[in-house]
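For reference, positions follow the sequence shown, starting with 1. Ligands are counted one by one from 1 in listed order, and the atoms in each one are counted from 1 as well.
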Amino acid sequence: MKKWEDKKWVSAQRLQVDFNYAMAEFVGEDNGVSNKEIRGLEPRAKTVHNQLLKKRSQGALAFYDLPYEEKEAARLVTAGRKIGRACRNFVVLGIGGSALGGIGLQRALNHPHYNLLSDAERKHRPRLFFADNIDPDGFQGLLDILDLRETVFNVISKSGGTAETMSQFIYVRDRLIKKLGKGGHRSHIVVTTDPEKGRLREIAEREDYLTFPVPAGVGGRFSVLTPVGLLPAAVAGIDISMLLAGARDMDRRCRISNLWKNPAYLNAVLYYLTDTKKGKPIAVMMPYSDALYGVADWFRQLWAESLGKRTDLDGNIVSTGQTPVRALGATDQHSQLQLYMEGPNNKLITFLVVERLRKRIPLPESFADVEGVGYLGGHSLNELITVEQKTTELALTRNKRPNLSIIVPEVNSFTLGQLLFMLEVQTVFAGGLYHINPLDQPGVEEGKQFAYGLMGRKGFEHKAKEFAERPKKSGKYII
Ligand code: PA5
């Protein structure tokens, strides 16, 4: 029996949302949400729920179907194993939604210093790198430490035209050809892109690269459960079948229209109400777990790019969106917390709380005679991080700063699948509440088009001209 078929195990692994301290009862009417306000949104929530169901049935929200692609997952496990046996380094070339999901999975589910483990400790799986920027210093720095003969590059681009990823690709390809010859380089490039469209698809077919599809209708930031996130995870030995099982379990919870029972909808409502009614335009996600910091980074893109929109679905200027911030407990208690506690009361803070961390570090009895140090002996780092989360939560609440906790029983593929899927549903549901399209990113396109124009891409000459005619900067403002 698979673990996720064991009802008892599953119920012990389910995520919970504790939103007590986001409620007016605890942080006051000005900052917290009341039962009445949530109830007031029920009719609207029902409409959004029905809209999502309709879109889902029309295939317009294809990410909802990904947890059920079990055959594809099995194919990826086999492919990942094979690729993993053939190389010592696996490097993802991709940016934004083509990188952040994979980074989140790797950080959450593998050893925190996976790449520094010995081959045997990594079970002879390759080291895993994500090159998600084009800073020449950073990119060359990575290439400096790789033996190209032992390296496979996974070029990931849904559109197949992203300048950053395509530049990395052509540079790496050229280096590979110089080292291994035209024929030899082929097995060192694996492409993940649209199954039919795009320049990268064209090139992959012409060059006969191994390819994996990003299903049509799944945009970059919703693609973590496609080969975009799953192939690198499978190569690094992550249990991707369990990840999908966790997402399926969450999908069942997120099909309920009653928002008091649906964790994704309830979260969306809390974020939406605190933003639009309580003056909280900033949403901080603060895991008390190093493993979940990558998830906070992934969510930062998901929430920002999906909800930050100039116009609503009727074309009205609305300029929506909460600014997502990631913070890490306990580290950022010594960096950001002072601001959260006493600065502008304009944030909703979401803690990611892990009930059982993987390791336990007991603290030895030491310096019993030194006041201020001795008391730590006999406790554990686990106790300390738990106590710090709980006390931060309470202190924020006493300062009338709304906060909620997503409680993760332990970090494993099953709970991570639940968490990622819940946050995706939360995002599209919030899109419905804001009455905007959460699936596009027109603001990013404009910058991309200027870059194409300046880099001489055909068809974008007008953007180069517009750029040349930009308002000139004055020397008097440069010192
Ligand atoms: O979420 C998105 O759509 C974006 O962040 C994209 O993932 C990012 O721009 C990269 O695009 P692509 O995968 O087409 O190269």
Side-chain angles (χ1 to χ4, degrees), residues 60-64 66 91-105 130-135 139 153-173 189-204 209 211-233 294-310 321 323-324 326 420-421 423-428 430-431 436-452 455 457 460:
L61 286 170
F63 83 87
Y64 268 112
L66 298 172
V91 183
V92 170
L93 306 180
I95 197 163
S98 287
L100 289 163
I103 296 171
L105 295 180
F130 292 87
D132 66 344
N133 200 2
I134 43 167
D135 174 355
F139 193 46
F153 294 89
N154 183 194
V155 188
I156 307 184
S157 175
K158 165 81 202 240
S159 62
T162 302
E164 293 89 340
T165 307
M166 291 306 106
S167 305
Q168 291 175 323
F169 162 56
I170 58 174
Y171 180 68
V172 159
R173 175 177 175 272
I189 292 183
V190 173
V191 168
T192 306
T193 190
D194 189 280
E196 284 163 14
K197 295 189 303 237
R199 299 293 182 224
L200 184 58
R201 168 59 56 186
E202 248 174 75
I203 291 172
Y209 295 139
T211 64
F212 293 88
V214 189
V218 181
R221 55 191 177 274
F222 292 90
S223 69
V224 58
L225 299 180
T226 73
V228 170
L230 297 184
L231 180 66
V295 171
D297 207 13
W298 168 85
F299 177 70
R300 190 167 64 125
Q301 184 217 9
L302 185 67
W303 203 244
E305 222 168 67
S306 302
L307 303 179
K309 297 294 151 72
R310 179 187 294 144
T323 303
R326 63 181 177 158
L420 298 173
F421 195 80
L423 294 171
E424 289 181 334
V425 176
Q426 173 181 327
T427 304
V428 290
I436 52 91
N437 178 1
L439 305 178
D440 65 0
Q441 53 283 325
V444 181
E445 289 309 318
E446 186 166 5
K448 274 190 189 175
Q449 291 185 9
F450 273 124
Y452 292 152
M455 296 296 279
R457 184 170 169 184
F460 293 89

Worksheet entry | Per-atom contacts, ligand 1 versus Arg221 - under 4.0 Å to a heavy atom | 1 (O), 2 (C), 3 (O)
Worksheet item: So does Glu445 have more than 12 non-hydrogen atoms from other groups sitting under 6.0 Å from CD?
Response: yes
Worksheet item: How would you list, by chain and number, every residue that makes a ring pair (Phe, Tyr, Trp, His ring centres under 6.0 Å) with Phe139, sequence neighbours excluded?
Response: none
Practice prompt. Ignoring angles and geometry beyond distance, decide whether Thr165 reaches within less than 3.5 Å of ligand 1 through its nitrogen or oxygen atoms.
Written response: no
Worksheet entry | Close-contact set for ligand 1 against Ser98 heavy atoms, below 4.0 Å | 7 (O), 12 (P), 13 (O)
Item to complete: Taking side chain to side chain donor-acceptor pair (under 3.5 Å) as the test, write out the residues that go with Glu305, two or more places apart.
Response: Arg221, Gln301
Worksheet item: Does the Ser159 side chain pair with the main chain of Gly161, one donor and one acceptor, at a distance under 3.5 Å?
Response: yes
Practice prompt. Ignoring hydrogens, just give me the one of Gly161, Gly220, Ser306, Gly160 whose non-hydrogen atom is nearest atom 3 (O) of ligand 1.
Written response: Gly220
Practice prompt. Show which atoms of ligand 1 fall inside a sub-4.0 Å distance from at least one heavy-atom site of Gly97.
Written response: 5 (O), 6 (C), 7 (O)
Discussion item. Closer than 4.0 Å to some heavy atom of Ser157 - which atoms of ligand 1 meet that?
Written reply: 12 (P), 13 (O), 14 (O), 15 (O)
Practice prompt. Report the distance from atom CZ of Arg201 to atom OG1 of Thr211, rounding to the nearest 0.5 Å.
Written response: 4.0 Å
Worksheet item: Is there side-chain contact between Leu66 and Phe421, with at least one heavy-atom pair below 4.5 Å?
Response: no
Worksheet entry | Protein residue, atom and distance nearest to atom 9 (O) of ligand 1, heavy-atom basis | Lys448 NZ, 3.9 Å
Discussion item. Give the atom numbers and elements of ligand 1 that come within less than 4.0 Å of a heavy atom of Gln301.
Written reply: 1 (O), 2 (C), 4 (C), 5 (O)
Discussion item. Tell me the protein heavy atom at minimum distance from atom 10 (C) of ligand 1, and give that distance in Å.
Written reply: Ile95 O, 3.3 Å
Worksheet entry | CD/Glu202: more than 12 non-hydrogen atoms of other groups inside 6.0 Å | yes
Fill in: Nearest-neighbour protein heavy atom for atom 14 (O) of ligand 1, which is reported as residue plus atom name and distance
Ser159 OG, 2.6 Å
Practice prompt. Look at atom 2 (C) of ligand 1 and say which protein heavy atom is nearest, naming residue and atom and giving the distance to 0.1 Å.
Written response: Glu305 OE1, 3.2 Å
Worksheet entry | Residue and atom name of the nearest protein heavy atom (relative to atom 15 (O) of ligand 1), distance in Å to one decimal | Thr162 OG1, 2.5 Å
Worksheet item: Can you find a pair of side-chain heavy atoms, one from Leu200 and one from Asp194, that are under 4.5 Å apart?
Response: no
